[in-house]
Amino acid sequence: MVKKMKNRCCICLVLYKPNSNEIKKIAQYMNYVEKIYIYDNSETSSLKIITEITSKTNFQYYFNGENDGISIAYNKMAEDVVNDGFDFFLALDQDSTIAQTSFSSALKSLSSTDNVAIYAMNTILNSRLITDTNRKLTDISFAITSGSIFNIRIFIDNGGYDENLFIDGVDREYCLRALKNRQKIKLLNGINLYQQLGQGRANLLGIYEHNPLRNYYIYRNRFYVIRKYPYYFKGFKKIKFLYLSCLKQILSIILFESDKLKKLKYLYKGYSDYKLNIGGKIKLPVDLG
């Protein structure tokens, strides 16, 4: 039985075509918290499988038969989180795993009065540590969504995730907004989140291959976020995050990837939509000429 705590924390989880093992993790998470919110972005509902795996009922399930992206999913869940009286929510995706002991340790560091927007965990990606565990609880400037614990009051006051982004850059934009509002992002020392991504290896440019649609969002949203925060992306930062990143993405497609022409057309579509101030979910079908 989950005990009620002073700083009440729930879990918000986004699914997209989960397999049976990923759904089994959800049943385990139900033992961690009073309530878990599950937003299923799949075309087919997983509710029947969830109820077959566990008899627990401390969850709320969202499904409308299409992919609403990351920003809409978390914003919708956040509305119910605050209405249910929670102070924090741990954001997770189906590729992430956190042990109950780690989650319990994280809860001990939470404070709803310290103006901390996000408490982030050390992320271990495909068994490789990508954040530094040899640090105390300290300020950082960026945290990925999965494995981050959000102060729900601050999240709502900040306006939630920017729904112009749909996917890609959602977490980057929110972190910049929190810092702009003089809020803190803290790294929790020694508390690990494990992510296992089945996306192959990075090429010689350090880029993982994505499908044309994902390339569209990465390219479009990069321009959008940099335009929204010009004071942050200036000088060498703008050169690095805009011009060099765009060049690397284009060269990666030309030199190393499959479906080159379609991907390049989606990049052009992404830039065109950015210039026309078109955000959110891409309008399909796409006329690529």
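Reckoned from all heavy atoms, side chains included, excluding hydrogens, waters and symmetry mates.
- Not a single donor-acceptor pair under 3.5 Å links the side chain of N158 to the backbone N or O of G160.
- When ring centroids are compared, F155 and Y174 come within the 6.0 Å threshold.
- Between Y62 and Q60, the side chains place a donor N or O and an acceptor N or O closer than 3.5 Å (distance only, hydrogens not considered).
- When ring centroids are compared, Y274 and Y224 stay outside the 6.0 Å threshold.
- Aromatic ring centroids of Y37 and F59 lie 6.0 Å or more apart.
- Relative to the six-membered ring of F142, R172 meets both conditions, a distance below 6.0 Å and an angle of at most 45° to the axis.
- Y16 and N67 share no side-chain donor-acceptor pair at under 3.5 Å.
- In terms of modelled atom types and a separation under 3.5 Å, the side chain of N7 and the main chain of F88 share no donor-acceptor contact.
- Taking both residues in full, the closest heavy atoms of M30 and N58 are given as O-ND2, 3.0 Å, listed atom of the first, atom of the second, then distance.
- Ring centroid separation for the pair Y268 and Y271 does not come in under the 6.0 Å cut-off.
- Under the 3.5 Å distance criterion, with hydrogens and angles disregarded, no donor-acceptor pair is assigned to the side chains of E163 and S71.
- In this structure, a donor-acceptor pair under 3.5 Å is absent between the side chains of N211 and Y266.
- Checked against L264 for a side chain to side chain contact (heavy atoms under 4.5 Å, CB included), the options N215, I253, D259 give a single hit: I253.
- Counted by atom type alone, E209 and N203 present zero donor-acceptor pairs between their side chains at under 3.5 Å.
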